[in-house]
Amino acid sequence: MRTFGHFLLAFFFSTVPAGATIAVPSYPQAGVLAPDNRGVIDSNVDYERFFGRVSDKDDSQRVFKIQVENNNTKFFRAGDLVLFGVNRGGKSGQCRGFVRNVEDFHFTIYVENLSPCFTRGEYFRRGTVLNFYSKALALRIFEASKFREQLILRKEDFLKQMNGINHFLWTFDQQKVKTAARFDEEINRLQREKRKALDDMITLKQERLVLQNELMKRLNELDESLIFYRVERQELLTDRWELDQDQGLPVGPRPQKLRQD
């Protein structure tokens, strides 16, 4: 017999075009009541209240080992106060217990008196379900959730660094070739500049040799012109013609005959 839900599903799929992809959440088949919240605190959940089952107890009925389905009790610490009531205990009160030890999905409590939540004289059976209330646990869960958010951010940062390192290691050979090629290109550029600079120096030398010859020729011509156009000074004290005295006397023939005395 078809139900109303079958008709809704049939109508829904009949309106979806052929080949279209339907985006639906993928949850496990059993044991999950809410989607994954990345392991942080959920504001819609009351973490102060949880259930536990008595898995063991001592003969004095003062120390109980509690089994839980949710392992948030791992945040308990020795000495934490928990309040609990007993299902089908005959009383609606709450008993007080103090945490002694914590294990995975188990914790041990010490109870001073069961009379507020359990009828005196009756046998307290193993497997009894207890309704727990603990403000300390809710506070610890909140602190753990905030610390986990910081750990997630730190892990993402480490993963980003690891990704960069892995990329470098995986592409090391390529990076090595690229680095060598970059330096080879720089070396080739410097060699080209070196050859060009040397060729420019050789060309400059040839030009300077031609210029040197031309300048030497011009200097020689200037020296000759300077000598030619030099104006001589009149040296009155050394000029031989100025030292001669003209007395108007006849000058004898020259050379004169030698005297023979």
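All heavy atoms count here, side chains included; hydrogens, waters and symmetry mates do not.
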Ion pair check, K74 and E103, cut-off under 4.0 Å: no

Under 3.5 Å donor-acceptor, R96 side chain and L83 backbone: no

Heavy-atom check, side chain of I202 versus side chain of L204, under 4.5 Å: no

Inter- and intrachain pairs under salt bridge (charged side-chain N to carboxylate O under 4.0 Å, His left out), touching residues 160-179, at least two apart: none

Side-chain ion pair, E214 and R218, N-O less than 4.0 Å: yes

V102-F142 co-clustered via ILVMFWY side chain contacts under 4.5 Å: yes

Distance, nearest 0.5 Å, that separates CG of N113 from CZ of F118: 12.5 Å

Close side-chain approach of N70 and F50, heavy atoms under 4.5 Å: no

side-chain contact (heavy atoms from CB on, under 4.5 Å) assessment of I66 paired with V54: CA-CA 5 Å; I66 310 301; V54 178; 3.9 Å; yes

Donor-acceptor pair, side chain of R53 and main chain of G127, under 3.5 angstrom: yes

Under 3.5 Å: donor-acceptor pair, side chain of N166, backbone of W170: no

Short side-chain to backbone donor-acceptor contact, S145 and I141, under 3.5 Å: no

Within 6.0 angstrom of F98 CZ, more than 12 heavy atoms from elsewhere: yes

Transitive ILVMFWY side-chain link Y133 to V45, under 4.5 Å: no

V111 and I109, any side-chain heavy atoms less than 4.5 Å apart: yes

Residues V99, T108; criterion side-chain contact (heavy atoms from CB on, under 4.5 Å); working and verdict: CA-CA 6 Å; V99 177; T108 305; over 6 Å; no

Y123 six-ring centre to K57 NZ/CZ under 6.0 Å and within 45° of normal: yes

Any donor-acceptor pair under 3.5 Å from H167 side chain to I165 backbone: no

side-chain contact (heavy atoms from CB on, under 4.5 Å) assessment of F107 paired with V68: CA-CA 8 Å; F107 67 97; V68 293; 3.8 Å; yes

Interatomic spacing from CZ in R208 to CE in M201 - rounded to 0.5 Å: 10.5 Å

CA sep, side-chain torsions, deciding dist, call: K65, S55, side-chain contact (heavy atoms from CB on, under 4.5 Å): CA-CA 6 Å; K65 188 172 185 179; S55 62; 3.7 Å; yes

Audit row: R189, E193, salt bridge (charged side-chain N to carboxylate O under 4.0 Å, His left out) steps and yes/no: CA-CA 6 Å; R189 184 184 65 81; E193 292 181 359; 2.6 Å; yes

Pairwise distance CG(L153) to CG(L151) - rounded to 0.5 angstrom: 9.0 Å

Between CG on residue N101 and NE2 on residue H106, distance to nearest 0.5 Å: 11.5 Å

Heavy-atom check, side chain of Y47 versus side chain of N72, under 4.5 Å: yes

Within 6.0 angstrom of R125 CZ, more than 12 heavy atoms from elsewhere: no

S134 side chain vs L137 backbone, donor-acceptor pair below 3.5 Å: yes

Pairwise distance OG1(T73) to CZ(F75) - rounded to 0.5 angstrom: 9.5 Å

Verdict with reasoning, F124 to F64, per ring pair (Phe, Tyr, Trp, His ring centres under 6.0 Å): CA-CA 11 Å; F124 195 87; F64 300 92; 5.0 Å; yes

Distance-minimising heavy-atom pair for C117 and G93: CB-O, 3.3 Å

Verify same cluster id: M216, L219 (apolar side-chain graph, 4.5 Å): no

N163 side chain vs L159 backbone, donor-acceptor pair below 3.5 Å: no

Whether F84 and F132 hold their rings parallel, tilted or perpendicular, with breakpoints at 30° and 60°: tilted

Minimum side-chain heavy-atom gap K196-D200 below 4.5 Å: yes

Any donor-acceptor N or O pair under 3.5 Å, side chains D157, Q161: yes

D199 and R195 ion-paired at < 4.0 Å: no

side-chain hydrogen bond (donor to acceptor under 3.5 Å, both in side chains) involving R126 - partner list, sequence neighbours excluded: D56

Check: F76 main-chain N/O paired with D80 side-chain donor or acceptor under 3.5 Å: no

Distance (rounded to the nearest 0.5 Å) between K155 NZ and R148 CZ: 8.5 Å

CD (E69) with more than 12 external heavy atoms under 6.0 Å: no

